[in-house]
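So you know, we letter chains A, B, ... as the sequences are listed, proteins then strands, and number each from 1.
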Amino acid sequence: MTTDNKQKYLITSALPYVNGELHLGHLIGCWLPSDIYARFCRACGRDVLYVCGADEHGTPVVVGAMKENMSPFDYSSKYYEKHLRAVKDFNLSFDLYGRTHTELQEKLIHELFLRLDNEGLIEERETLQPFSVDDNMFLADRQLLGTCPKCGYENARGDQCDKCSASYEATELLNPRSAISGSTNIEMRPTKNLFFLASKIEGKWKQWLETHAPKWSKTAIAIAQGWAKEGLQDTSITRDLSWGIPVNKPGYENKVFYVWFDAPWGYVSISQAANKDWETWWKNPDCHYAQFMGKDNVKFHAVLFPEQQLAMNDNWKTVDQLKAMNFLNFEGGKFSKSEKRGVFLDEAVSIAPADAWRYALIASAPETDDTDFTFARFADIVNKDLNGMLGNFVSRVCKLTDKNFGLTVPNAGELDASLTAQVNEKIAELTAALDACEFRAAVVALRSLYAIGNEYMTVKEPWTLVKNGNAEQAGAVLNECFQLIDLYARVSAPFIPDAAEKIQRVFNNTHDLSWPKEFERRIQNGEAFTVPENLFSRIDDARVAELTEKYAKKEDNNVKPVVAKIIAVKNHPSRDDLHLLTVDDGTNHNLQIVCGAPNVRVGLIGVLAPVGCVLPTMKKPISQRTVAGTESFGMMCSAAELGQGNNADEIIELDSDAKIGSIWEIK
RNA sequence: GGGUUAGUAGCUCAGUUGGUUAGAGCGGAGCGCUCAUAACGCUUUGGUCGUGGGUUCAAGUCCUACCUAACCCA
C-alpha cells in the first residue's frame with residue numbers, strides 16, 4: 001500500500017476489438033466518457049489509474065487475417081496502430097493503451113487458470129465440434145458456413161442464419177462447408193474442452209450483485225438481474241484455435257483460452273504494464289472502480305468478469321460504478337464502413353478539431369437511448385456553445401479590456417455576491433453530475449456557467465461604464481470576467497483539454513487546471529494577459545451540406561427497372577399463353593424471363609424489372625420465381641405496371657434508340 | 001421465439017416514490033445591445049406525453065395488449 005492517503009480511482013474503458021476501423025460510436029461509447037471522468041478525477045486530486053487497450057484474440061482476427069493474407073499478429077497489430085493514432089488524435093489520457101497479446105497477459109491468465117483449477121472450478125468435458133478435414137482444424141461457429149435449415153439461405157453461419165435470424169446447432173446446418181477453404185469435407189469430431197463451473201459460485205455472485213448493482217446504470221442492473229434469474233451457466237473457456245493464450249494444461253497443447261475468458265483480464269495485465277503499484281488499485285477494497293462500456297458489453301462486465309473475479313477468491317477489486325452507453329446512429333442509420341456511411345476515427349480530426357468532437361458528442365451522449373448523430377446538430381453545438389458562448393466570451397473580455405486598460409487585468413472591486421452564488425450553484429451541479437457520470441447533465445451545467453459570463457457582461461455593460469467615465473467600475477466588472485475565464489479553463493478542461501490550455505495561456509502567469517470546489521478569484525490585479533486567437537471556428541451551412549453529402553450520402557439501394565432488349569422468343573413448354581424470353585439487360589445478355597404479353601417479339605426494346613425491383617404498383621419486390629415450372633429472373637413491364645396509363649396487357653415498347661441497360665426512371 | 005430498454009414540442013433530450021397550468025436547449029418569430037467570432041442578452045411560439053384498453057379521487061408516471069426501434073439470449 002502506498003503511504004499517501006489520496007483516494008484511489010480505477011477507471012477502465014472497454015477494450016475495442018482489433019477488427020475494422022473505429023468510428024464515432026466507439027469514441028462516445030466508452031473512450032470519451034471514461035476520459036472525461038478520468039481527467040475530472042485527476043483534477044480533483046484523486047489517485048487515478050486509467051487503462052484501456054486492444055482486445056486481440058478470438059476467431060474474427062484469424063478469419064480477417066486469412067482474408068488479408070497476413071498472420072493474426074500482423075493483422076491485429078495493424079489495427080492496434082490505428083487505435084493508437086485515434087487515442088492520440090482525441091487526447092485520450094490513458095495511463096496506457098495496451099493490448100492483450102502480451103507476455104504479461106499470458107503469465108496472468110496462466111496463473112488465474114491454475115488458481116481456478118485448484119479451487120475445483122474447472123472441469124473437462126467432451127463435445128462434438130465441426131472439423132474440416134482439408135483445413136486440418138476444428139471450425140468455430142463463424143468459420144462454418146452452409147445452408148440454413150429453416151429458410152434455405154446459402155450463406156448461413158454455423159450457429160445462426162443472418163437472413164432469417166434462426167439459430168440451430170452446427171449439426172443441423174445443411175451442406176456445411178469451411179469458410180476458410182470452402183471445403184465441404186466436414187466431420188463432427190469429439191473434442192475435449194475445459195469448462196468453468198460458474199454455477200458453483202452463483203450464490204456468491206448473487207450476494208455480490210445485491211450490494212453492488214444499486215450504483216449501476218438502469219440498463220446494467222436490468223441485464224444483470226435477468227441473468228441472476230436464469231442462473232449462471234458453466235461455460236467452455238477453451239477453443240480449438242491457434243491464435244490466443246495457449247492453455248497451460250497437458251493434453252491441451254493445440255488449444256487456446258476463449259477470448260472472453262482472457263479479454264477482461266487485459267485490464268489487469270495492462271495495469272501491470274502501466275504502473276508497478278497496480279495492486280494498490282486492484283487489490284484495494286477502498287479503491288473506487290468505474291467501468292465504461294457500450295450496452296452490448298454489459299453482460300460481460302456485470303456477470304462474466306465479476307463471477308471470475310469472485311471465483312478466484314483472491315481479493316480482486318470488482319466494479320463499483322458501471323456506466324453503459326447506448327449506441328450512436330449516424331444520420332438516421334447505422335455506421336457502415338462498407339457503405340461509406342459515417343465518420344471514422346482515422347479522418348474525424350481532419351473534419352473538425354478533437355475538442356469540437358469531444359464536446360459535441362458528450363453533449364448529446366446516448367445515455368438513455370440510442371442517439372442520432374447529424375452534422376446539422378454537430379454544427380449547432382459547436383457554433384452555439386463553443387464558438388458563441390465560450391470562445392466569444394473570452395474574446396470580448398480580452399478585447400474590451402485591451403482597448404481601455406491595456407494588456408493587464410483591471411483592479412477588482414467588491415465581490416459580486418449574486419454572481420458568486422450563481423456560479424457556485426452551477427459548479428456544485430457540474431461536480432455532482434461528473435461524480436455520478438451523468439454527462440449530459442454535466443454539459444448542461446457547464447453551458448450554464450458559460451451563459452452566466454455572457455449575461456453578466458450584457459447586464460453590467462462595462463463598455464457603457466467606460467464611455468460614461470466610470471473606468472473603475474468597468475474595471476471591476478472586467479476583473480470578475482477574467483476570474484470567470486480562469487474558472488472556465490478549469491471546468492472545461494476534462495471536456496475540451498486543448499481549448500482549456502489555450503484559455504489558460506491567456507494569462508502570462510501559470511495557473512493550474514485543478515478542479516474548483518467553488519468560485520475562487522485566482523487572477524491578481526494587474527496580471528498581464530494576451531488576447532488569444534479565436535479559440536473555435538464556425539461550421540457554416542455550406543460546410544454542413546458538404547459533409548452530409550460526403551459522409552451520409554443517402555445511397556439509393558433500390559433496384560431500378562432497366563431498358564432491355566428481347567433477343568429470343570420461344571413458346572413455353574407447358575403453357576400456351578406464356579412465352580419464354582431471352583432478354584439482354586446490358587450486363588446480363590441471356591436472362592430467362594417468362595412473359596404472358598401478346599406483343600413480345602425478337603428485337604423489341606422494353607423495360608425489365610429485375611429481381612429485387614419494387615414497382616410503384618406493387619408492394620413487394622419482384623422475386624426470382626418459377627412460373628409454370630420454368631424459372632423467371634424478372635419481369636417485362638407493361639405501361640400500367642410502370643405507372644404510365646392503363647395498358648396492362650401488352651409490355652411497353654420503347655424507341656429503338658433507347659440505351660439498353662440504362663435505368664428507366666419512374667416518373 | 002424469450003428477456004431488457006426506449007417511443008414526450010419541427011430537432012435532440014429532462015421529467016425523482018402517480019398529485020396543482022408537462023420542462024430545457026436548438027430551430028422559428030419578435031425585441032434589445034454593439035465590447036465581441038453575422039457573435040451576446042431578453043421575450044415568445046411549439047406537445048390528446050407511440051396506439052387501444054384498465055386501475056385510481058388523480059397517470060407521461062402503475063397494470064395489460066398491440067405497434068415501432070435497439071441490445072442481449074435461444
Quiz item: Start at the 5' end of RNA chain B and walk down; is the nucleotide closest to A:D369 or to A:K295 reached first?
Solution: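 Mapping each residue to its closest nucleotide by heavy atoms, the 5'-most match is A:D369.
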Practice problem: For A:W227 and for A:D370, find the nucleotide of RNA chain B with the closest heavy atom, then tell me which residue's nucleotide is more 5'. | Solution: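 Nearest nucleotide further toward 5': that of A:D370.
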Practice problem: Determine which pairs satisfy ring pair (Phe, Tyr, Trp, His ring centres under 6.0 Å) with at least one residue from residues 397-444 of chain A, sequence neighbours left out, and list them in order. | Solution: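 Listed once each, the pairs would be none.
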Practice problem: Take the angle between the ring planes of A:F375 and A:F378 and call it parallel below 30°, perpendicular above 60°, tilted in between. | Solution: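 Ring orientation of A:F375 relative to A:F378: perpendicular.
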Quiz item: Going by an N to O cut-off under 4.0 Å, is there a salt bridge joining A:K206 and A:E210?
Solution: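 Looking at A:K206 and A:E210, the cut-off is not met.
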Quiz item: Between A:R358 and A:D498, is there a side-chain N and carboxylate O pair less than 4.0 Å apart?
Solution: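 So A:R358 does not pair with A:D498 through a salt bridge.
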Practice problem: Check RNA chain B for consecutive Watson-Crick or G-U pairs with both distances under 3.5 Å and list the runs of at least three as stems. | Solution: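 Looking at RNA chain B, the stems formed by three or more consecutive pairs are B:1-7 with B:67-73, B:10-13 with B:23-26, B:28-32 with B:40-44, B:50-54 with B:62-66.
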Practice problem: Evaluate the side-chain contact (heavy atoms from CB on, under 4.5 Å) criterion for residues A:R396 and A:W463: first the C-alpha distance (whole Å), next the side-chain angles of each, then the deciding distance (0.1 Å), finally the verdict. | Solution: CA-CA 11 Å; A:R396 66 198 293 210; A:W463 53 91; 4.2 Å; yes
Exercise. Do nucleotides 27-39 of chain B as a string where each nucleotide becomes B, S or -: B if the base has a protein heavy atom under 4.0 Å, S if just the sugar-phosphate does, - if no protein is that close.
Key: ------SSBBB-S
Exercise. Could you pull out all residues at least two apart from A:E21 that satisfy side-chain hydrogen bond (donor to acceptor under 3.5 Å, both in side chains)?
Key: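 With sequence neighbours excluded, A:E21 shows a side-chain hydrogen bond (donor to acceptor under 3.5 Å, both in side chains) to A:K82, given in chain and number order.
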Quiz item: In terms of side-chain heavy atoms of A:F327, which of B:C13, B:C26, B:A70 is nearest?
Solution: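 The closest nucleotide is B:A70.
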Practice problem: Please determine, for the side chain of A:E455, which listed nucleotide (B:C42, B:C13, B:C71) has the closest atom? | Solution: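 Nearest listed nucleotide: B:C42.
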Quiz prompt | Aromatic contact, A:F292 with A:Y37 (centres under 6.0 Å) | solution =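 Between A:Y37 and A:F292, which both carry aromatic rings, the centre distance is below 6.0 Å.
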Exercise. Examine A:F330 together with A:F335 and report whether their ring centres are nearer than 6.0 Å.
Key: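 Yes.
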Quiz item: So which of residues 412-437 of chain A are in contact with RNA chain B, with a heavy-atom cut-off of under 4.0 Å?
Solution: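 Close to the strand, none.
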Quiz item: What parts of residues 478-498 of chain A reach RNA chain B, counting only heavy atoms under 4.0 Å away?
Solution: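 Correct list: empty, so none.
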Practice problem: Please confirm whether A:R521 makes a cation-pi placement over A:F519, using NZ or CZ under 6.0 Å from the six-membered ring centre and within 45° of the ring normal. | Solution: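 Yes - A:R521 lies over the ring of A:F519, closer than 6.0 Å to its centre and within 45° of its axis.
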